[in-house]
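Heads up, the thing below is written out as structure tokens.
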2 protein chains.
Amino acid sequence: MVRMSAEERRESVIRAAMSEFARGGYYGTSTEAIAKRVGVSQPYLFRLFPSKKAIFLAASARCLEDTRKVFEKASEGLEGEAALHAMATAYSRLIADDPDKLQMQLQTYVAVAAAEAVGDHEFGEMVRAGWLEIWEAAHLPLGADARETTTFMAFGMLINVLAAMGYPAEHRVWEGLQLPARPPEGPEPTRA
Amino acid sequence: MVRMSAEERRESVIRAAMSEFARGGYYGTSTEAIAKRVGVSQPYLFRLFPSKKAIFLAASARCLEDTRKVFEKASEGLEGEAALHAMATAYSRLIADDPDKLQMQLQTYVAVAAAEAVGDHEFGEMVRAGWLEIWEAAHLPLGADARETTTFMAFGMLINVLAAMGYPAEHRVWEGLQLPARPPEGPEPTRA
DNA sequence: TTGGTTAGTGATTGGACACTAACTTATCCG
DNA sequence: CGGATAAGTTAGTGTCCAATCACTAACCAA
């Protein structure tokens with residue numbers, strides 16, 4: 001039996017939860033599945049977190065944080081077009097290498113909407129704050145132009161959805177995402 | 001007791017399912033909830049549809065169809081910028097008036113990804129085909145330019161997600177979505 | 001080594017849920 | 001009218017699942 005500190009365990013629970021919730025969403029994922037992935041008994045999760053909801057929330061927050069870090073790292077020391085290209089490439093690589101993260105993003109969006117619909121604004125506030133940080137992580141390197149940033153994020157969202165739907169890389173719908181001569185806008189479509 | 005033909009009932013089941021699945025997704029929605037909304041006993045759903053999955057599939061398909069129709073109707077007889085503006089306005093109105101349809105769209109995307117992940121490609125094919133029809137409904141009126149269409153769809157997706165997250169209309173993240181010279185809301189087309 | 005704290009488990013419970021089976025009632029038509 | 005058919009119901013089954021409880025095993029400091 002390998003013992004860990006509660007903090008370390010919580011960490012692995014969050015990682016496991018990100019993968020599991022990514023596939024099944026909140027309701028489609030059992031705490032048992034998460035526990036199994038962690039290698040720990042199911043009841044023990046409830047000693048590390050107060051509820052299933054809390055686990056989901058932690059996973060969502062982590063997902064946003066990870067994504068923001070990708071943008072920050074990619075654009076470090078760059079600005080304007082160079083930053084844009086770097087961030088686009090980094091993001092494309094992220095969703096190619098780690099589809100779970102893409103999935104978890106989408107799961108987070110639908111969960112927020114559901115929470116808001118029943119009057120729970122706490123989850124929403126966290127997600128809006130987290131997403132805004134991502135927005136800002138792109139905004140500054142891109143020259144702090146709202147329209148530019150919005151366009152960048154818009155292309156990113158389209159890429160998310162096309163990838164989620166499973167269109168093969170050579171499908172027509174990806175066409176308009178090819179960069180022309182140089183990279184003027186949008187997360188770059190070098191899909192692996 | 002009001003009796004309907006099975007066909008009519010199926011129709012109301014699909015409508016009800018769109019609303020319920022929109023909120024809770026596949027796993028978060030019970031057939032009981034759908035039945036209640038229809039005003040019919042829960043087991044009766046299984047005489048109208050073979051399974052819960054079939055109901056979800058029908059709801060997804062209908063959602064895509066409805067969305068396509070919105071574009072088609074809006075752009076009827078128009079082309080170029082006029083068509084673009086008409087479609088953008090119509091779509092903005094759609095997601096403002098009927099948030100369920102927006103939600104159901106997102107639910108469809110995550111469900112497709114989940115289905116693909118477990119090797120079920122049937123649902124994915126239907127959704128990809130349906131979404132392509134939407135894409136084409138925008139493509140032709142916009143002058144059959146792939147980049148133009150892609151940009152249009154990208155802005156639409158960003159709007160979807162911002163709306164789902166519940167950012168209030170006056171929030172900064174909406175800024176770059178204002179049309180410059182032309183009238184207000186909507187997926188914006190030509191970025192100079 | 002002993003006493004306290006922290007990590008972790010097995011058993012269980014109460015509720016929800018998809019789906020089946022068997023029965024009832026409205027409606028249409030000859 | 002009368003009976004066939006289609007619309008609908010009530011009751012029930014097996015399964016799954018979040019959360020609780022009472023307990024055991026490892027670590028640690030004096």
Side-chain angles (χ1 to χ4, degrees), chain A residues 1-60 107 110-111 114-115 117-118 120 122-123, chain B residues 1-60 107 110-111 114-115 117-118 120 122-123:
Chain A
M1 188 194 300
V2 184
R3 277 168 72 110
M4 275 183 200
S5 77
E7 215 38 69
E8 285 173 310
R9 270 296 184 219
R10 250 184 288 267
E11 181 61 29
S12 15
V13 169
I14 290 175
R15 292 283 161 207
M18 277 177 64
S19 287
E20 293 293 332
F21 281 132
R23 300 216 187 296
Y26 181 76
Y27 296 105
T29 301
S30 68
T31 53
E32 175 99 45
I34 298 172
K36 248 185 194 130
R37 188 178 271 254
V38 176
V40 98
S41 72
Q42 177 263 348
Y44 187 48
L45 296 186
F46 292 87
R47 205 157 289 202
L48 299 170
F49 293 87
S51 64
K52 183 185 180 182
K53 221 168 138 178
I55 302 178
F56 187 86
L57 200 133
S60 280
Q107 297 288 3
V110 311
V118 294
D120 173 8
E122 210 181 311
F123 184 55
Chain B
M1 187 194 301
V2 185
R3 280 185 163 214
M4 278 183 199
S5 77
E7 214 38 70
E8 285 172 310
R9 269 299 182 218
R10 251 184 287 265
E11 182 61 29
S12 15
V13 169
I14 290 175
R15 293 283 161 206
M18 278 176 63
S19 287
E20 294 294 330
F21 281 131
R23 302 217 184 295
Y26 181 75
Y27 295 105
T29 300
S30 67
T31 53
E32 175 100 44
I34 298 172
K36 247 183 195 133
R37 187 179 272 257
V38 176
V40 99
S41 73
Q42 177 264 347
Y44 186 48
L45 295 187
F46 293 87
R47 199 156 296 194
L48 299 172
F49 293 87
S51 65
K52 184 184 181 182
K53 221 166 139 180
I55 300 177
F56 187 85
L57 201 133
S60 280
Q107 297 288 4
V110 311
V118 294
D120 173 9
E122 208 181 312
F123 184 53

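Below, chain A is the first sequence line, B the second, and so on; all start at residue 1.
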Given atom OH of A:Tyr27 and atom P of C:dA18, what is their separation to the nearest angstrom? 13 Å
Going by modelled atom types, is there a donor-acceptor pair between the base of D:dG8 and the side chain of B:Arg9 at under 3.5 Å? no
Does C:dA18 have OP1 or OP2 under 4.0 Å away from a side-chain N or O of B:Thr31? yes
Any donor-acceptor pair under 3.5 Å between the side chain of B:Gln42 and the base of C:dC19? yes
Using a 4.5 Å cut-off on heavy atoms from C-beta on, say whether the side chain of B:Phe21 contacts that of B:Ile34. yes
Choose from D:dT20, D:dT10, D:dG8 the nucleotide whose nearest atom is closest to any side-chain atom of A:Pro43. D:dT20
Describe the nucleic acid contact of B:Ser41 in one word from base, sugar-phosphate, nothing, applying a heavy-atom distance below 4.0 Å. base
Can you tell me how far P of C:dG8 sits from CD1 of A:Ile34, to the nearest Å? 17 Å
Nucleotide C:dT27, atom P - distance to CD of B:Glu8 in whole Å: 13 Å
Nearest whole angstrom, please: distance from the P of D:dA19 to the CG of A:Leu48. 14 Å
By nearest-heavy-atom nucleotide on DNA chain C, the more 5' of B:Ser51 and B:Arg47 is B:Ser51
Taking A:Thr31's backbone N and O only, do any of them form a donor-acceptor pair with A:Gln42's side chain (distance below 3.5 Å, no angle check)? no
Establish, for the pair B:Lys52 and B:Tyr26, whether the NZ or CZ atom is under 6.0 angstrom from the six-membered ring centre and no further than 45 degrees off its axis. yes
Does a side-chain heavy-atom distance below 4.5 Å link A:Arg10 with A:Phe49? yes
Verify the contact: side-chain N or O of B:Tyr44 to OP1 or OP2 of D:dG8, cut-off strictly under 4.0 Å; return yes or no. yes
Donor-acceptor pair under 3.5 Å, A:Arg3 side chain vs C:dG8 base: no
